[in-house]
Amino acid sequence: MSFAPSDYQPYDFANRRHIGPSPSEMDAMFETLGVDDIDALISETVPQSILQSEPLETGRPMSERQLLWWMRQIAKKNTVLTSLIGQGYHGTICPPAIQRNILENPAWYTAYTPYQPEISQGRLEALLNYQTMVSDLTGLEIANASLLDEATACAEAMTMAGRVAKSKQKAFFVDENCHPQNIAVVRTRARPLGIEVIVGDPDDLDPEAVFGALFQYPGTYGHVRDFTGHMERLHAAQAVGVVSADPMALCVLKSPGEMGADIAVGTTQRFGVPMGYGGPHAAYIACRDAYKRSLPGRLVGVSVDARGNRAYRLALQTREQHIRREKATSNVCTAQALLAVMAGFYAVFHGPKGLRAIAERIHRKTARLAQGLEDAGFEVEPKDFFDTITVEVGLFQKAVIDAGVREGVNMRAVGETKVGIAVDETTRPAKIEAVWRAFGVTRKDDPQSQTYRLPEALIRTSPYLEHEVFHMNRAETEMVRYMRRLADRDLALDRAMIPLGSCTMKLNSAAEMMPLSWHEFANLHPYCPEDQAAGYKELIDGLNAKLCQVTGYDAISMQPNSGAQGEYAGLLTIAAYHEANGEGHRNVCLIPVNAHGTNPASAQMVGWKVVPVKCDEMGSIDIEDFRSKAEKHADNLAGIMITYPSTHGVFEETVKEVCEITHANGGQVYIDGANLNAMVGISRPGDLGGDVSHLNLHKTFCIPHGGGGPGMGPIGVKSHLAEHLPSHPLAAEGSGPGPVSAAPYGSPSLLPISWAYIQMMGGAGLTQATKVAILNANYIAKRLEGAYKVLYRGPKGRVAHECILDVRPFDKSAGVTVDDIAKRLVDCGFHAPTMSWPVAGTLMVEPTESETQAELDRFCDAMLGIREEIRAIEDGTSDREDNPLKRAPHTVEDLVGDWDRSYSREQGCFPSGAFRVDKYWPPVNRVDNVYGDRNLICTCPPMEDYAEAAE
């Protein structure tokens with residue numbers, strides 16, 4: 001028997017692994033749409049005028065096996081030494097149970113932000129654990145569910161202080177002992193807002209001259225001091241006190257809350273999250289209860305469901321940017337949820353006694369190291385410290401640091417004559433001896449030594465982590481089961497399609513994710529010598545080049561570590577360009593009303609005035625209104641912010657004209673990259689007239705959403721803007737915009753994911769992915785035609801990669817709201833599409849290219865079944881209040897309990913589209929949002945409360 005030759009490659013990732021519909025499924029979808037092939041569909045969808053002239057070429061696609069081999073070669077070029085640099089980044093031990101069951105588990109890393117609480121109870125509980133941990137350690141009443149990094153958290157704290165302080169001063173004091181990257185990012189944020197930053201000795205602080213002050217605890221050079229007196233003087237002047245505190249130090253040191261601090265910030269990186277050359281890590285922010293409504297970011301709160309059972313939800317200002325727009329207090333839209341979950345589980349894993357033991361061991365090791373150097377005659381500062389010391393070495397600074405490298409350790413150059421050393425939980429006695437040898441000292445470490453150098457008055461006596469969750473049986477069986485229980489309460493991409501418009505929930509392949517855990521990528525310090533990060537440099541340079549090919553831009557900055565921060569960085573770059581050209585007065589930003597809510601918030605952060613632009617009845621920019629406003633503000637026009645394809649899911653035909661009008665009136669064009677998944681290989685924003693775009697690597701380029709973060713939002717720019725990109729966080733202050741993140745490349749340990757995706761897809765694969773994303777969206781629009789109105793379409797009746805379903809008529813005809821449909825989809829086993837944005841009372845659906853025809857059909861069957869349930873209410877055969885939509889979602893408790901409803905258990909619990917054997921059961925009924933905001937609880941409630949709720 002012989003076999004005919006085959007072109008099919010079993011390891012060809014691009015053609016079969018990432019793209020959902022099979023070739024035969026695509027043929028069936030073409031028939032449904034009435035087109036011959038995918039190119040015929042694209043010609044009806046994408047304007048000819050915006051198509052790129054040449055096919056995308058990014059190199060020959062790799063198989064998964066080839067990719068992982070190449071990734072190993074790149075990883076080997078990184079040299080990982082023991083880092084004793086400190087400066088806010090420390091070695092840490094991630095418990096293997098957390099690494100395997102959280103970081104490497106798609107049930108956790110493919111989840112979306114918990115905007116639908118009924119299907120997010122697991123991650124919400126994990127984030128509530130994190131908030132409780134932060135609140136306890138800082139001694140403050142309220143903490144949010146994480147920020148991006150410590151430096152940006154400091155900047156957020158500064159602007160928050162400006163909002164809540166009663167002082168009318170315009171200056172903000174920053175402790176000179178803060179980490180230098182924190183000072184730099186605070187200066188960047190302050191400049192466009194007209195805030196004067198005063199950096200100096202805390203003892204020279206004039207409270208009457210500032211609205212707030214930031215202190216580092218412990219200081220970047222190791223100093224540990226009590227800021228109680230400073231807080232009292234600030235409060236007397238009606239100013240606000242902020243402390244950036246190391247949470248590990250807070251396990252043994254007096255808390256900021258006990259000092260009288262109003263706000264505390266910091267990073268939880270050393271709670272089991274690898275350094276990753278700078279990120280991602282979960283920063284924290286906590287505050288006094290009085291300031292909770294000014295807290296930026298996401299806040300998890302406790303509420304009840306329809307049965308009165310305890311349930312979690314996002315509270316207060318969950319999406320305030322989309323409501324308050326340019327009046328928003330912050331543009332923070334992404335948390336670092338996955339990393340916050342890891343840090344929270346680190347605290348659960350160790351408990352308060354374990355954390356204190358780790359902190360004490362770190363301190364004792366530092367004390368032994370300092371004692372050895374002092375015995376050898378070196379001058380060691382400070383006298384009191386936690387884990388960091390500074391050693392005077394005079395002219396031998398470089399020689400000592402170089403000797404340390406030869407011994408396998410990196411130390412920090414402080415000034416011209418000192419060496420900084422920071423000890424962490426990974427530091428072994430052999431490394432202490434290696435440091436001594438670098439200083440020319442030969443002695444043996446004695447791990448039994450009980451030397452302490454903590455200031456007696458600052459040793460912590462107050463309790464923390466008293467909740468039962470931090471005292472559970474820490475046998476690994478119990479820990480793993482707890483993680484599994486929480487994961488089972490959630491719905492993530494590993495279970496079902498998440499058809500969120502504008503969020504691009506696509507495959508995060510295992511091959512792409514694997515390198516994240518590799519030692520060579522995970523354990524580099526962001527400020528290690530550049531020659532030790534040669535692998536990262538090769539990867540980042542290669543990714544930059546490929547992203548320039550994809551977008552048509554000339555330069556990329558990898559520094560922004562979220563999409564909203566990318567917006568901010570892009571606008572700062574434009575502002576710096578105008579300033580350099582002597583046109584710093586340009587401060588007007590035109591933004592269409594269909595723009596992302598973070599757009600106007602970002603414009604406000606760079607000090608610009610937002611002027612909204614109307615949209616026409618097709619959802620596109622009203623070109624005449626745009627032209628009129630551009631000409632009216634020509635003398636002061638800084639730029640415009642548009643999204644392409646539009647947020648309404650249409651390729652606007654006038655995009656080039658919009659860009660030309662902007663340039664003719666002196667402005668620059670910012671194109672939001674949120675919808676780039678509909679453009680790759682087909683059209684390039686840089687060719688349309690864009691000057692800058694942010695690229696959501698956590699959307700188009702496969703970095704997972706992680707339950708609400710991590711994200712990456714690098715910006716691409718045309719050549720004239722390249723010199724105005726964000727600077728290195730440790731660079732001397734210059735005339736540019738400054739840094740926007742703590743690390744030079746944002747969250748670089750995520751970048752292997754996007755590099756791997758591009759390598760495995762190749763140019764043809766990337767282009768095919770875009771085309772199939774458009775195919776899948778049009779297939780859904782076609783199948784739902786007649787049952788639902790698609791609000792916006794292009795001239796030939798097609799949608800881009802997403803479509804908006806208008807469900808507003810059902811409120812009048814049947815009393816069914818967009819919320820009712822969203823909750824009913826939970827019964828069907830789906831995350832709801834994006835609700836009420838960009839148009840109130842609608843659903844925005846984006847299936848992505850990763851979904852198979854079978855899953856698309858299951859979703860359409862569910863939506864068509866819901867339409868029939870609405871029809872039953874409309875014709876009077878179903879009660880307007882007692883029906884499956886109004887009482888959705890249904891839990892197992894509903895199924896097995898007393899059934900007093902006008903419809904059957906079968907109708908309620910097994911609607912169209914739902915699996916029977918593998919059905920997803922939500923753990924709670926519909927959550928009461930109003931109750932949660934009126935009874936705000938943002939830390940873990942006592943266990944007896946759970947028992948009472950269950951009864």
**Request:** Could you label the plane-to-plane angle of the H728 and Y527 rings as parallel, tilted or perpendicular, counting under 30° as parallel and over 60° as perpendicular?
**Result:** tilted
For T92 and V273, the nearest pair of non-hydrogen atoms, with its separation, is CG2-O, 3.4 Å
Do M411 and F439 have side chains that get closer than 4.5 Å, going by heavy atoms? yes
Would one find more than 12 heavy atoms of other residues, nucleotides or ligands at under 6.0 Å from atom CD of Q73?
yes
One should read off an interatomic distance between I715 CD1 and S557 OG, to the nearest 0.5 angstrom, of 5.0 Å
Only one of K365, R364, R270 passes salt bridge (charged side-chain N to carboxylate O under 4.0 Å, His left out) with D387, and that residue is R270
With sequence neighbours left out, the residues meeting salt bridge (Lys or Arg N to Asp or Glu O under 4.0 Å) with R100 are E104
Check: Is there side-chain contact between F386 and T366, with heavy atoms separated by less than 4.5 Å?
Finding: no
Looking only at heavy atoms, the pair that brings A742 and D149 closest together is N-OD2, 3.0 Å
*Please assess Q336 against Q269 for the test side-chain hydrogen bond (donor to acceptor under 3.5 Å, both in side chains), listing each intermediate value before the final yes or no.*
CA-CA 11 Å; Q336 295 282 26; Q269 177 266 314; over 6 Å; no
Kindly indicate whether the side chain of Q565, heavy atoms from C-beta on, has any atom under 4.5 Å from the side chain of T152. yes
Test T700 against M679 for side-chain contact (heavy atoms from CB on, under 4.5 Å), laying out the working first.
CA-CA 10 Å; T700 306; M679 294 181 70; over 6 Å; no
Taking side chain as C-beta onward, heavy atoms only, is Y89 less than 4.5 Å from H281?
-> yes
ask   = Please walk me through it: do E520 and K76 pass salt bridge (charged side-chain N to carboxylate O under 4.0 Å, His left out)?
value = CA-CA 7 Å; E520 298 90 341; K76 289 176 183 177; over 6 Å; no
Applying side-chain contact (heavy atoms from CB on, under 4.5 Å) to M514 and not counting sequence neighbours gives L68
Closest non-hydrogen contact found for T110 with L493 is OG1-N, 3.1 Å
Backbone N or O of D446 within a donor-acceptor pair of the R368 side chain at under 3.5 Å? yes
Q | Verdict with reasoning, H179 to C154, per side-chain contact (heavy atoms from CB on, under 4.5 Å) | A | CA-CA 11 Å; H179 297 313; C154 289; over 6 Å; no
Measure the shortest side-chain to side-chain distance between Y568 and P560 over non-hydrogen atoms and say whether it is less than 4.5 angstrom. no
Quick one, P280 and S749 - any side-chain contact, counting heavy atoms below 4.5 Å? yes
Counting distance only, does the side-chain N/O of T427 pair as donor-acceptor with the main-chain N or O of D424 below 3.5 Å? yes
message: Treating H705 as the side-chain partner and C503 as the backbone partner, does any N or O pair qualify as donor plus acceptor under 3.5 Å?
response: yes
Quiz item: Are more than 12 heavy atoms from other residues, nucleotides or ligands located less than 6.0 Å from atom CZ of F378?
Solution: yes
Separation between NE2 (H18) and OG (S509), nearest 0.5 Å, reads 7.0 Å
_A side-chain contact here means heavy atoms from C-beta on lying under 4.5 Å apart; do R684 and T551 qualify?_
no
- prompt: Is it the case that more than 12 heavy atoms not belonging to Y745 sit under 6.0 Å from its OH atom?
  reply: no
Legend entry - Side-chain donor or acceptor of S146 paired with backbone N/O of A282 under 3.5 Å: no
| message | Strictly distance-based, threshold 3.5 Å: is any side-chain N or O of K546 a donor or acceptor partner for the main-chain N or O of T58? | response | yes
On a heavy-atom basis, the closest approach of G372 and W436 is CA-NE1, 3.7 Å
Taken to the nearest 0.5 Å, the spacing of I540 CD1 from L547 CG works out to 11.5 Å
Is it the case that atom NZ in K537 sees more than 12 heavy atoms from other parts of the structure closer than 6.0 Å? no
*Using a cut-off of 6.0 Å, state whether more than 12 heavy atoms not belonging to W69 lie near its atom CH2.*
yes
Between the main-chain N or O of P739 and the side-chain N or O of T188, is there a donor-acceptor pair closer than 3.5 Å?
yes
Please lay out, stage by stage, how L355 and Y346 fare under the test side-chain contact (heavy atoms from CB on, under 4.5 Å).
CA-CA 9 Å; L355 290 181; Y346 181 91; 3.6 Å; yes
- request: Give a yes or no on whether the ring-centroid distance for F345 and F271 is below 6.0 angstrom.
  value: no
Between the OG1 atom in T388 and the NE2 atom in H90, the distance rounded to the nearest 0.5 Å is 6.0 Å
> side-chain contact (heavy atoms from CB on, under 4.5 Å) between C94 and L103: does it pass, once the steps are laid out?
Replying inline: CA-CA 10 Å; C94 180; L103 177 62; 5.6 Å; no
Would you check if the side chain of K718 reaches a backbone N or O of D554 as a donor-acceptor pair within less than 3.5 Å? no
Taking every heavy atom of M248 against every heavy atom of A359, the minimum-distance pair comes out as O-CB, 3.5 Å
Quick one, P685 and L676 - any side-chain contact, counting heavy atoms below 4.5 Å? yes
Looking only at heavy atoms, the pair that brings L721 and T573 closest together is O-CG2, 3.6 Å
The reported gap from NZ in K431 to CG in L84 (rounded to nearest 0.5 angstrom) is 8.5 Å
Given the options Q87, Q181, R412, T220 meets side-chain hydrogen bond (donor to acceptor under 3.5 Å, both in side chains) only with R412
Is the ring pair F385/H363 parallel, tilted or perpendicular, if the boundaries are 30 and 60 degrees?
tilted
Task: Under 3.5 Å donor-acceptor, T267 side chain and E150 backbone - done: no
CD1 of I358 to CD of E425, rounded to nearest 0.5 Å, is 5.0 Å
Q. Any donor and acceptor pair, going by atom type alone, linking the side chain of N696 with main-chain N or O of G713 inside 3.5 Å?
A. no
Does K699 offer a backbone N or O that forms a donor-acceptor pair with the side chain of T504 under 3.5 Å? no
